[in-house]
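Chain identifiers are assigned alphabetically (A, B, ...) following the order of the sequence lines, protein sequences preceding nucleic acid strands; residue numbering begins at 1 within each chain. A quick note: this is a predicted structure, and the numbers were derived from the prediction, not measured.
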Amino acid sequence: MGDKKSEKQQVSKAPSFKPQYLRELDGPKSFVLPQKELEVLKWWRENKIYAALQEREKSWPEFRFIDGPPYTTGAIHIGTAWNKVLKDIIIRYKRMTGFRVTDTPGYDTHGLPIEVQMEKQLKTKNKKEIVEKIGMDKFIDSCKKFAIDNMHLMNDQFRRLGCEFWNWDRPYVTLTEGYMAGAWWMIKKAHERGLLFMGHRPLNTCPRCETALAKHEFEYANRKDTSIFIKFKVIGKENEYLVIWTTTPWTLVSNIAVMANPDLKYVRVKVKGEVWIMAEARHAMFIQAEIGEFPEVIGSLTGEELKGTRYVHPLLDEVPKQQEFHKAYPNAHSVILSREFVSADEGTGLVHCAPGHGPEDYQVGHVEEKLPAFSPLDDQGRYTPEGGVFAGKYVFDANDDVIAKLKEKGTLLVEAVIDHEYAHCWRCKTPLVYRVLDQWYLKTGGALADRMLAENAKINWVPNFAGGKTFYQWLKGLQDWCISRQRFWGIPLPIWTCSTKGCSNIIVTGSRAELEQISGQKVEDLHRPWVDNIKFKCPKCKKGTMKRVDDVVDVWLDSGCVMWASNEAVYGDDYALGPRGYEDWRPADFILEGKDQIRGWFNSLMSCGILSSDRPTYKNVVMTGFVTFEGEPMHKSRGNVVSPEEAIERRGAETFRMYCTINMSMGEDLNFYWRDFDDSFRIVNTLWNCFIYAKEMFNLNGFKPKAKDLASLLKKDKNVEDRWIASRLNSAVKAMTESLDGYDMAKYAKILRDFIVEDVSKGYLKLVKERLSEGADEKDKANAMEAMFQLLRALSLVMAPIFPVIAELVHRDFLSALLAAPTRSIHLDAWPKVATGLIDARLEADFEVVGKVLETTRMMREEAGLKLKWPCKELVLAAEKKLEGIEYLVPILQKEANVKKVTLATSFAPGENHLAGEAGGVKVYIDKSMDEALFAEKFYRDFFRQLQFLRKAARLNVGDMIVLEVRTPSALVRDHLARFVEDIKKNAFVSDVKLTAKNELQKVDFEQELKYCPDETCLVPLKAKTIENATKAGKKVVTCSYCNGEHPIEKVIPVALRFKKSGA
RNA sequence: GCAAGGAUGGCCCAGCGGUCAGGCAGAAUCCUGAUAAGGUUCCCCACGCAGGUUCGAUUCCUGCUCCUUGCACCA
């Protein structure tokens, strides 16, 4: 706690800087997403949209999605949020494509994590205190309450993410009886198939939690231990010793043998007047480095030859039990052989073997050599009376005592501290102790693992390597599954055993009904301690009492049973839409979890399905990575944890949804950066602006759609950009459909983003703008709005899975009013069908060519100082082949390049007035020569822009009519403008225009004088600042930035714009 | 030790035999009555290292280094 590193900030707060595009989010025009989200979430609930959805899809085919249950220890973290969002996208998409999605969320509620939390709250130190001070029933009740309280909290967090249309009122919860019975059923099925057995094996146990732990519950951490080299005196030889090494001195109490590798070479070495035996490969280094002498090898032998060499156990006097072993077993305290577990890489090549304290020791010492698995420890890791003088000592404290004793006896050679990895309890971080225990196992190794491998090969994994490599490797190494835990908070093992010695009767019950029938008793609760009270006479020997095995089930088995155990929650009380019996369970069509679930849920699901029914549990699996922060894992201790709330508050849940979807790569970690997160908001903002613009346009024009769909519209509407956007839309919908069908949510998000930003916002809406202006052709304008409407309607549908709130907003507050038969919610609509006939690859390709050409013309104009709004005389494109058939795009080129004429040629010789450029193999020329009409228009364009700017400055709205007076002494200016009076009236909402040399209007609302360059061939607006600066500097002249001419300030042409509201 | 995934310009992240990444950040400039936006240019001359295949490799192959994750081991 006190070290300097932890003094850094404790939590990763979102940065306070605001990128330019995010400034002033509380401005009048700002789109404040979080507020809107809360409003829509509320609206969904008040309008019972979810109920409507369920009603609608009742008769549809089932898409069986199963939610991997998060553990109810506390608030969700950002990874859980990510996980739920991805699932939500698929759920929404599948719904829209006509499936009844099983959308039941789940919660994992049993197990050690909650017990540990409760123990902290209740301040208990061990299991005994739980039973004696608290009472098991009270303890269980508080665990239950804790889990349920957390569950409600998490429910709300998930809903806030936009994951609203899930069955939050009825999640599956592993602590409910219906669920627990599902686990019982599974264990009973496994028992019937002969796959349940009791094993007597050394297991890692947590001395604090007093229970056995499975491998996936180990947490390796570095630990400092004392390692020692000691010598064992060889019996029958005067001065000869076996030298061994160990990092766990306390296990010497239970030492039964020494293991040697039969193939390894061993030497007898003379040291300090004694003969030591050890591996040849180790002797030189050990003796020189650790003892400080030069070894003298006096003989060599193989491991094989060492076999049977008996030695004196160093703690024979302290542990009397060892004397018994020495007498009872001729091979006790002798060298035994193991090829597999003995190497010369470390230690001395002779390995101390304590069969009661290690799996390998057990295998070689107990299973192969039939030596006793001596394990004189209790549940709390203390020596039992069999431990002799060490009785009552905690093993990790006993280390020092053992070492002291060895020192005393002179058998200790070297003592050193080593820092090595050691297994710790995943929950309480206590170092684990191997002990031999009776535990219950499911036979998942061997034949069953092979079955799983076969089934796994048929499963569709995304990404592919997750199944083909990662999970495959896991299954290859799969071993029997120890399912018993010596704890309280879990599903009790449904196994009853007979108290009579010799009566091996075992009864496994599959349900409450069955238990009540067999026992003749009412069962209050399937949990401990209530179920422990159920005892009954053994039906086999008729003498003994059948008593439940004390243990509870490994919590991973809980969630592994979800395919059937959740039936009640998923299908409702009447099970009208699903299987009632556990027997008839259906595999999931789709699951999605993080890569930690390879050994977790993916594994337990597969195991439970095969164990109970020899069937696979899932068809499509998506595996994701973890969320990291700036390249590092998020850890509370590092203080770099980003909470979902923080992100939501900053930019809204929909921004978060887009961020974590578009930035992911299947199976890989999502690297969180605040900068990128903020950037994702731009997509949302652009999208929103598209709809706002359309809404304004539609309102202004009183638009009412007439066309049934795009296809029928385009039968009459021959406009190329309408046909182009229709094609792009359908191409995009097609690609999005394919992506989502393949569970590639990132690709879907990218296609959607590109479509919104590039095609709709920067592309179509820009192209269509002029057609929507006041003076445009009515027919064309109507077509444009029709197309725009169809486009936005389709867009609102395809964005619904990822932007459920924004889609709802644009539907509810805008588009639905224009639909013939609008649904109440966009989420009651269907995913659009691709109109393949509207996809025109040629058109799309041609548009790209045009796009490149236009890009080039902009570049050329910039270089030549020709503003885009100034019209040019002619654009010439020259290419041998590319331009064939592109004539139909000439109007767009003309408009977008702002030229009066477009010429397509195969070759062209440019003249003096031509600018030249090149775009993707097409030669581009712009004729920049001006005639009088062009020049007048050029001037007018600048003027018009300034007029619009001043309208805005005068806080006039679009559509507000004004009377305008332009006062200037320049007759030339008045002449130029006179040509465009009608245009001004139409496009700048002016009812009357006066061109004059003297003020005529009285009382104007707004007046400003503009200055223009006096050069009659230039006549561009001069910035007020430029003139001001020149005056300040005492200059008499001002330099025009366009024609570069120096002009006396008094010659500058003043043009005053004066206007007032019409009718006012 | 075994296995998997990754390594791309100041930062993030695509692509995966030849032709263009994209975004952010920085600089300049233009533009703006849907957009508290946008365009254009510049900067960044990118593909972990070493070999090989190939007419050509960031992309395929081999080896190596480093990161991440999982598995095994930790006597």
A.B. asks: Does OP1 or OP2 of rG38(B) have a side-chain N or O of Lys766(A) closer than 4.0 Å?
C.D. replies: no

A.B. asks: Whether Lys867(A) contacts rC31(B) is assessed here as follows: a side-chain N or O lying under 4.0 Å from the phosphate OP1 or OP2. Is that the case?
C.D. replies: yes

A.B. asks: Rounded to whole angstrom, note down the P distance from rU8(B) over to rC43(B).
C.D. replies: 23 Å

A.B. asks: Please work out which of the three classes, parallel, tilted or perpendicular, describes the rings of Phe629(A) and Phe672(A), given edges at 30° and 60°.
C.D. replies: parallel

A.B. asks: Distance check, P atoms only: rG70(B) and rC12(B), in whole angstrom units.
C.D. replies: 23 Å

A.B. asks: Need one value for Thr686(A): base, sugar-phosphate or nothing, where a base atom within 4.0 Å counts as base even if backbone is also close, heavy atoms only.
C.D. replies: nothing

A.B. asks: Using the C1' atom as the reference point in each nucleotide, state the distance between rA27(B) and rU54(B) in Å, no decimals.
C.D. replies: 42 Å

A.B. asks: What integer number of Å spans the C1' atoms of rG15(B) and rC20(B)?
C.D. replies: 11 Å

A.B. asks: Does Lys476(A) have a side-chain nitrogen or oxygen under 4.0 Å from the phosphate oxygens OP1 or OP2 of rC71(B)?
C.D. replies: no

A.B. asks: Quick check for you: to the nearest 0.5 Å, what is the distance between Met788(A) atom CE and Met697(A) atom CE?
C.D. replies: 7.5 Å

A.B. asks: So which nucleotide does rA36(B) pair with, by the Watson-Crick or G-U wobble rule with both distances under 3.5 Å?
C.D. replies: none

A.B. asks: Checking all strands, does Ile244(A) fall into the base, sugar-phosphate, or nothing category for heavy-atom contacts under 4.0 angstrom?
C.D. replies: nothing

A.B. asks: For rG22(B) and rU41(B), measure between their P atoms and round to the nearest Å.
C.D. replies: 10 Å

A.B. asks: Any strand is fair game: report the nucleotide pairing with rC16(B) by Watson-Crick or G-U wobble, both distances under 3.5 Å, or none.
C.D. replies: none

A.B. asks: If the C1' atom of rC71(B) is compared with that of rC64(B), how far apart are they to the nearest Å?
C.D. replies: 23 Å

A.B. asks: Looking at every strand, decide which applies to Ser665(A) at a 4.0 Å heavy-atom threshold: base, sugar-phosphate, or nothing.
C.D. replies: sugar-phosphate

A.B. asks: What integer number of Å spans the P atoms of rA7(B) and rG48(B)?
C.D. replies: 7 Å

A.B. asks: Is a salt bridge present between Asp960(A) and Arg951(A), judged by a nitrogen-to-oxygen distance below 4.0 Å?
C.D. replies: no

A.B. asks: Is there a side-chain contact between Thr628(A) and the phosphate of rU68(B), meaning an N or O under 4.0 Å from OP1 or OP2?
C.D. replies: no

A.B. asks: Under 4.0 Å, counting only non-hydrogen atoms across every strand here, what does Gln473(A) touch: a base, just sugar-phosphate, or nothing?
C.D. replies: sugar-phosphate

A.B. asks: Between rG1(B) and rG63(B), how far apart are the P atoms? Round to whole Å, please.
C.D. replies: 15 Å

A.B. asks: Can you check whether Arg858(A) has a side-chain N or O nearer than 4.0 Å to OP1 or OP2 of rC31(B)?
C.D. replies: no

A.B. asks: For Arg945(A) and rU32(B), is the shortest distance between a side-chain N/O and OP1 or OP2 below 4.0 Å?
C.D. replies: yes

A.B. asks: Quick one: Glu855(A) CD to rC20(B) P, roughly how many Å, whole number?
C.D. replies: 13 Å

A.B. asks: Indicate whether OP1 or OP2 belonging to rG70(B) is found under 4.0 Å from a side-chain N or O atom of Lys595(A).
C.D. replies: no

A.B. asks: Taking OP1 and OP2 of rA25(B), is either one under 4.0 Å from a side-chain nitrogen or oxygen of Arg675(A)?
C.D. replies: no

A.B. asks: Roughly how many Å is it from CG in Asn603(A) to C1' in rC71(B), rounded to a whole number?
C.D. replies: 13 Å

